[in-house]
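Naming: A, B, ... by sequence-line order, numbering from 1 per chain.
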Protein chains: 2
Amino acid sequence: MSAIRGARERARIEVTAAIKDEARKQLAAEGAAKLSLRAVARELGMVSSALYRYFPSRDELLTALIIDAYDSVGETAERAHRTAAAENAAPARPGTHLARWVAVACAVRDWALAHPHEYALIYGSPVPGYTAPQATIGPASRVGLVFIAIAEDAHREEGIGLPPLTAELRPEAERIAADLAPGLPPAVAAPLVAAWSQLFGLLSFEIFGQFNRVVEAREAFFRQAVTELARTVGLLDRRG
Amino acid sequence: MSAIRGARERARIEVTAAIKDEARKQLAAEGAAKLSLRAVARELGMVSSALYRYFPSRDELLTALIIDAYDSVGETAERAHRTAAAENAAPARPGTHLARWVAVACAVRDWALAHPHEYALIYGSPVPGYTAPQATIGPASRVGLVFIAIAEDAHREEGIGLPPLTAELRPEAERIAADLAPGLPPAVAAPLVAAWSQLFGLLSFEIFGQFNRVVEAREAFFRQAVTELARTVGLLDRRG
DNA sequence: CCAATTACGAGAGCAGTGCTCTTGCTTTTG
DNA sequence: CAAAAGCAAGAGCACTGCTCTCGTAATTGG
């Protein structure tokens, strides 16, 4: 789209990247609350006011890191989906889609364990008085889209066995399906959104320490829970 | 245990409470990150250094607020449980325990919606470099204990229909059951812990704005999801 | 009942923060 | 080649958590 025009623009891109890298380093080391513009500038050998040429405020820097984090976990999920799809490409074998579901969930979990502070940044408490800017909603939905894709594939190739919706929830489920998964029947779309949020409940409790002294065999526990979650959206296991 | 001995001790208790109240007010208004010791002191007409006679650091003040928040939501859950138990005291009617489960979950949700910053304090990202002190783990488990109690009642009075554990998860499930719910079979205890964390996944996504532009009919959606969650721990609905 | 101890409030001060503004210098542009 | 725009640096403001000292008040032991 836009080629680099001169030394100035090239330098700007590099400095911007260096700031984000250093900020990410501090984020990983100490958490978002202790990320300091002055410390970033200090580490980069510049004075703090110079940094404002690149990010108009601390919040804007954080927003950039949030977008990067969403993209990072989103790309992880997409890669896991591709890999799992390549490994068992046989279309009609039952359990295929459930296996992909679990693989993607585990990949997201691995990412979260490897980047706890970035996870906290996007799935923990929103930062003070902060409302997510428009630019974040695209990257933020990438993980969800992967699960939607799996459910759509499963529905198309294997069919999905799910009880009909209650009358109370039908209009909402139809709206959800129309808005973000037109290829999915409403009876699948609603449980899918619920499962999506519940997956991050499992992750948050593990990452944020709520499972301390409660759950020990974390991975086995997670795989089991996530498999059960897949059943609530109608994915069929190997027993059909 | 300890009676108030003099004017000094009485004053200390009152000032401590006043500090916590003002801090809670600021927490509700601006969130934990913007809670400032100096602002609290200012509002109370004292100088900031005087506040350190009552709380040795900002983190200690936050810890006190965390404990209060856990107690607040815990008491809410317990009260909802008592009320629901009183309303349908018939022991053997199917659906009784599921109704209690949903009632408690909705009460917790109402509390979270009414106290979003306190919710964020205890179920959001842990504050910077902060590890939960011993004093929090008691209050922190009150909500969970309510759900355990419901499951135990259901298991004792109605029985619970759940598939057997996978071999992989059996030892972990047995440990969990032995540690925190000795009255419950392991096949129930493990899904119960999963359901507990998934419940807070639903809540966090709603409170933290992840459902914006996704879920509109929040309460209906929540009730449905939480009912489904109850089924995963074996609670039977009215249809038996 | 009085002296010693202890708890407390106030103030000054330190190191750190986000952010603004001005001042020169360099690169880019018309 | 001159004007305009981009940039780094420094000083400075208002704020933060926290420490230390110093007088005063309440509490306690003899």
Side-chain angles (χ1 to χ4, degrees), chain A residues 2-20 22-23 25-27 29-66 121 126-131 133, chain B residues 2-20 22-27 29-66 121 126-130 133:
Chain A
S2 62
I4 300 167
R5 317 224 301 202
R8 187 143 245 174
E9 194 160 340
R10 156 165 271 112
R12 182 171 184 87
I13 291 172
E14 279 177 14
V15 174
T16 305
I19 292 172
K20 285 210 292 188
E22 179 58 34
K25 207 182 293 179
Q26 293 194 17
L27 175 67
E30 297 272 20
K34 288 197 176 168
L35 187 150
S36 146
L37 283 189
R38 292 181 110 110
V40 170
R42 210 179 301 133
E43 210 65 24
L44 261 48
M46 40 166 60
V47 85
S48 72
S49 60
L51 216 146
Y52 285 82
R53 298 273 172 195
Y54 300 89
F55 294 94
S57 75
R58 183 180 181 275
D59 271 11
E60 293 281 334
L61 214 197
L62 270 180
T63 299
L65 294 183
I66 287 173
L121 193 61
V127 278
Y130 174 90
T131 49
Chain B
S2 62
I4 301 164
R5 316 223 302 203
R8 187 144 247 173
E9 195 159 338
R10 156 166 272 113
R12 182 170 184 86
I13 291 173
E14 279 176 13
V15 174
T16 305
I19 292 172
K20 284 209 293 188
E22 178 59 34
R24 209 183 336 267
K25 206 181 294 179
Q26 293 194 16
L27 175 67
E30 297 273 18
K34 288 197 177 169
L35 187 150
S36 144
L37 283 188
R38 292 182 111 110
V40 170
R42 211 179 300 133
E43 209 65 25
L44 261 47
M46 39 167 61
V47 83
S48 72
S49 61
L51 216 146
Y52 285 82
R53 299 276 174 198
Y54 300 89
F55 295 93
S57 75
R58 183 180 181 275
D59 271 11
E60 294 280 336
L61 214 197
L62 271 180
T63 300
L65 295 183
I66 286 173
L121 194 59
V127 277
Y130 175 90

- Task: Go along nucleotides 3-15 of chain D 5' to 3' and tag each nucleotide: B for a protein heavy atom under 4.0 Å from its base, S when only backbone or sugar atoms are that close, - otherwise.
- Result: ---BBBBB-B---
- Message: Does any part of the side chain of B/Arg24, heavy atoms only, come nearer than 4.5 Å to the side chain of B/Leu65, both counted from C-beta?
- Response: yes
- Whole-Å gap separating C1' (D/dA25) and CD (B/Glu9): 17 Å
- Atom OH of B/Tyr52 and atom C1' of C/dA10: how far apart are they, to the nearest Å? 15 Å
- Which atom pair, heavy atoms only, marks the closest approach of B/Phe55 to B/Ala64? CE2-CB, 3.9 Å
- Task: Please state how far atom CG in B/Leu44 lies from atom P in C/dA10, giving the value in whole angstrom units.
- Result: 11 Å
- Between atom NZ in A/Lys34 and atom P in D/dT16, what is the gap in whole Å? 18 Å
- Query: Atom CD1 of B/Ile19 to atom C1' of C/dC8: distance rounded to whole Å?
  - Reply: 12 Å
- Task: Would you classify B/Leu35 as touching base, sugar-phosphate or nothing, given that sugar-phosphate means primed atoms plus P, OP1 and OP2, and contacts are heavy atoms under 4.0 Å?
- Result: sugar-phosphate
Give the table of side-chain donor-acceptor pairs shorter than 3.5 Å for residues 36-46 of chain B, with sequence neighbours excluded, one pair per line with atom names and distance.
residue	atom	partner	partner atom	Å
B/Ser36	OG	B/Arg38	N	3.3
B/Ser36	OG	B/Ala39	N	2.9

- For the atom pair CG (A/Leu27) and CD (A/Glu22), what is the distance rounded to the nearest 0.5 Å? 11.5 Å
- note: B/Glu30, atom CD; D/dT16, atom P; distance rounded to Å ~ 12 Å
- Round to a whole Å and report the spacing from CG of A/Leu61 to P of C/dT17. 14 Å
- Query: With sequence neighbours excluded, what pairs up with B/Ser49 under the side-chain contact (heavy atoms from CB on, under 4.5 Å) test?
  - Reply: B/Val47
- For A/Arg12, all residues meeting side-chain contact (heavy atoms from CB on, under 4.5 Å), sequence neighbours excluded: A/Thr16, A/Tyr54
